Number of protein chains: 2
Amino acid sequence: MPSSTVENYLKRIYLEEQADPGAAVVSMKNLAGAMGVTPGTATSMAKSLADSRFVAYEPYGGVKLTARGRTLALRILRRHRLIECFLVEALGLDWSEVHDEAESLEHAISDKLLDRIDEFLGFPSVDPHGDPIPTAAGEVRQTLLTALTDVEEGADVRIARILDQDEKFLRFVDRHRLRPGTRGRVLAHDHAAEAVTIQSGKLPAVTMGRTAAAKIMVEIVKG
Amino acid sequence: MPSSTVENYLKRIYLEEQADPGAAVVSMKNLAGAMGVTPGTATSMAKSLADSRFVAYEPYGGVKLTARGRTLALRILRRHRLIECFLVEALGLDWSEVHDEAESLEHAISDKLLDRIDEFLGFPSVDPHGDPIPTAAGEVRQTLLTALTDVEEGADVRIARILDQDEKFLRFVDRHRLRPGTRGRVLAHDHAAEAVTIQSGKLPAVTMGRTAAAKIMVEIVKG
DNA sequence: ATCCTTTTTTTGACTAATCAAAATCGCGTC
DNA sequence: GACGCGATTTTGATTAGTCAAAAAAAGGAT
Ligand SMILES: [Mn+2]
Ligand SMILES: [Mn+2]
Ligand SMILES: [Mn+2]
Ligand SMILES: [Mn+2]
């Protein structure tokens, strides 16, 4: 069985591939950065992942998950996201604090326990951040979402997914009632100021920068 | 922070000390046996635990937990047992299968999550096997129990604790309704056959060997 | 074509945890 | 007091994961 280190690398490579679908491979620089290790460490891990056939490794190029590697990455991601759901649903932890906990639990629970959790939760399809939960078969149902930056002024939206697990950002989102599932309206885009103004519930509207808004994915609500 | 390997060794040393309170120290042979490693590995770990002041190590003698080591061992034991409770209570896992799961989860959960679990469970004092749960302060409330082998014929008892986490044994206990909390009556001791006969509920009486009976701890019920 | 900067790889070292097998110790028996 | 056996320690090796720093490669700019 792969170590939790290997599991973490594979999950990270998967997420890097998702984050930049244009790039053919994940560079050692990006991998090292994402994993918080030195580039040399990333290189030697890349070789070892390639030896185990989890990635294709091109020297001076980068790594790319094989089918085998993707399967394992999705297995871990599934665990991660189901655990996040469980911690929120069963124990009432705040969605802003479940990520770190899931980061270690994802390696520790058995398949049997995971199935129980899945059943307990009623087989959810997204986690508390709106991230899709891969199926046991290793499929990810991708929904078409729009970044808040790309929504027309005046449009009604349903917040669907937050692309940043940082506690501070999640608490900001929370404060302004912008959790996945809530409704809102985009009031204005200020292109010069690179800012978006959105309003949710009875709360006063909030204006945030482009980069923040880009991390909030929504569905456009037909009115 | 100590590694999970160190945590496992300390917990094991604690349990070995409990299992043989007469012995002043835990020998390398016993430690190696209990941990499933070679004697040389036990020796080198003993030295390293002594360097961290978790144990006192006497060459050619054995190891003995320091106050510091005992505190850590009890911390892990507390986690282990609360997790066992949680898996049974919240997810309906069978008590015969929670031990292995807890063995890895005990190293993975945060203090905060542990507190939530404790609260969720209503601050239990024993786990599903009847093992006492150490307090957060590191105290173990010891109750006076009698081994089934030491109970007089005809006495009514309340099963209180099972001193073996083996799945097969636990399922045997289960089949004969001898879980912690249930009532029973000791019908006979057969000293020649080294056997004890006990009866619980409406079930037919069951006769078991001394060694099995010695692992079932009970309270005598005054009639 | 040469230089310069960034990225990547290599090298050498280190820690934690383990094993196999050899050396040594402790201790009860003769 | 010497012997022998079981327990213990030592030695040498291995694997996983890491870093620092040196070396090498890529690739754009001049
Ligand atoms: Mn992880
Ligand atoms: Mn998530
Ligand atoms: Mn453990
Ligand atoms: Mn238990």
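Order of the sequence lines sets the chain letters (A, B, ...), proteins ahead of strands, with each chain counted from 1. Everything numeric in this text was worked out from a predicted model, so none of it was measured.
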query = Which residues pass the salt bridge (Lys or Arg N to Asp or Glu O under 4.0 Å) test with B:R171, sequence neighbours left out?
reply = B:E167
query = Do any of residues 1-11 of chain B sit with a heavy atom less than 4.0 Å from DNA chain C, and if so which?
reply = B:S3, B:T5, B:Y9
Could you tabulate the donor-acceptor pairs under 3.5 Å formed by side-chain atoms of residues 48-58 of chain B, not counting sequence neighbours?
| from | atom 1 | to | atom 2 | distance (Å) |
| --- | --- | --- | --- | --- |
| B:S52 | OG | B:S48 | O | 3.2 |

Using a 3.5 Å cut-off and no angle test, enumerate the donor-acceptor pairs between side-chain atoms of residues 212-219 of chain A and protein atoms at least two apart in sequence or in another chain.
| from | atom 1 | to | atom 2 | distance (Å) |
| --- | --- | --- | --- | --- |
| A:K215 | NZ | A:D164 | OD2 | 2.8 |
| A:E219 | OE1 | A:R158 | NH1 | 3.1 |
| A:E219 | OE2 | A:R158 | NH1 | 2.5 |

key: Full working for side-chain contact (heavy atoms from CB on, under 4.5 Å) between B:I83 and B:I109   = CA-CA 9 Å; B:I83 290 165; B:I109 74 178; 3.8 Å; yes
With heavy-atom distances below 4.5 Å as the criterion, would you say the side chains of [X] and [Y] are in contact?
{"X": "B:M208", "Y": "B:I198", "answer": "yes"}
{"X": "A:H189", "Y": "A:T197", "answer": "no"}
{"X": "A:F86", "Y": "A:L93", "answer": "no"}

ask   = Can you give the first and last nucleotides of DNA chain D, 5' to 3', that have an atom under 4.0 Å from a heavy atom of chain B?
value = D:dA7 to D:dT10
key: DNA chain D contacts among residues 13-36 of chain B, heavy-atom distance under 4.0 Å   = B:S27, B:M28, B:K29
Within residues 38-50 of chain A: residues closer than 4.0 Å to DNA chain D (heavy atoms) = A:T38, A:T41, A:S44, A:M45
query = So, are A:D190 and A:R210 salt-bridged, with charged N and O less than 4.0 Å apart?
reply = no
task = For the pair A:D111 and A:R116, find out whether any cationic side-chain nitrogen is under 4.0 Å from an anionic carboxylate oxygen.
result = no
ask   = Can you tell me how far the OG1 atom of B:T71 sits from the CG atom of B:L10, to the nearest 0.5 Å?
value = 10.5 Å
message = Give me each pair satisfying salt bridge (charged side-chain N to carboxylate O under 4.0 Å, His left out) with a member in residues 97-107 of chain A, each pair once, sequence neighbours excluded.
response = A:K11-A:E103, A:K11-A:E106, A:E97-B:K112
key: Test side-chain contact (heavy atoms from CB on, under 4.5 Å) applied to B:I159 and B:V173, step by step   = CA-CA 10 Å; B:I159 313 290; B:V173 168; 5.9 Å; no
note = Outer limits of DNA chain C sitting under 4.0 Å from a non-hydrogen atom of chain A, read 5' to 3', are C:dT7 to C:dT10
Show every donor-acceptor pair shorter than 3.5 Å between a side-chain atom in residues 31-38 of chain B and any protein atom, with sequence neighbours excluded, or say none if there are none.
| from | atom 1 | to | atom 2 | distance (Å) |
| --- | --- | --- | --- | --- |
| B:T38 | OG1 | B:T41 | OG1 | 3.0 |

Please tabulate, for side-chain N and O atoms in residues 123-131 of chain A, each donor-acceptor pair with protein atoms closer than 3.5 Å (sequence neighbours left out).
| from | atom 1 | to | atom 2 | distance (Å) |
| --- | --- | --- | --- | --- |
| A:S125 | OG | A:R141 | NH2 | 3.4 |
| A:D127 | OD1 | A:H129 | N | 2.7 |
| A:D127 | OD1 | A:G130 | N | 3.1 |
| A:D127 | OD1 | A:D131 | N | 3.0 |
| A:H129 | ND1 | A:E84 | OE1 | 2.9 |
| A:H129 | ND1 | A:Q165 | OE1 | 3.2 |
| A:H129 | NE2 | A:W95 | O | 3.1 |
| A:D131 | OD1 | A:R161 | NE | 2.7 |
| A:D131 | OD1 | A:R161 | NH2 | 3.4 |
| A:D131 | OD2 | A:Q165 | NE2 | 3.3 |

inquiry  = Suppose we screen for ring pair (Phe, Tyr, Trp, His ring centres under 6.0 Å). Which residues come up paired with B:H80, at least two apart in sequence or across chains?
reply    = B:H99
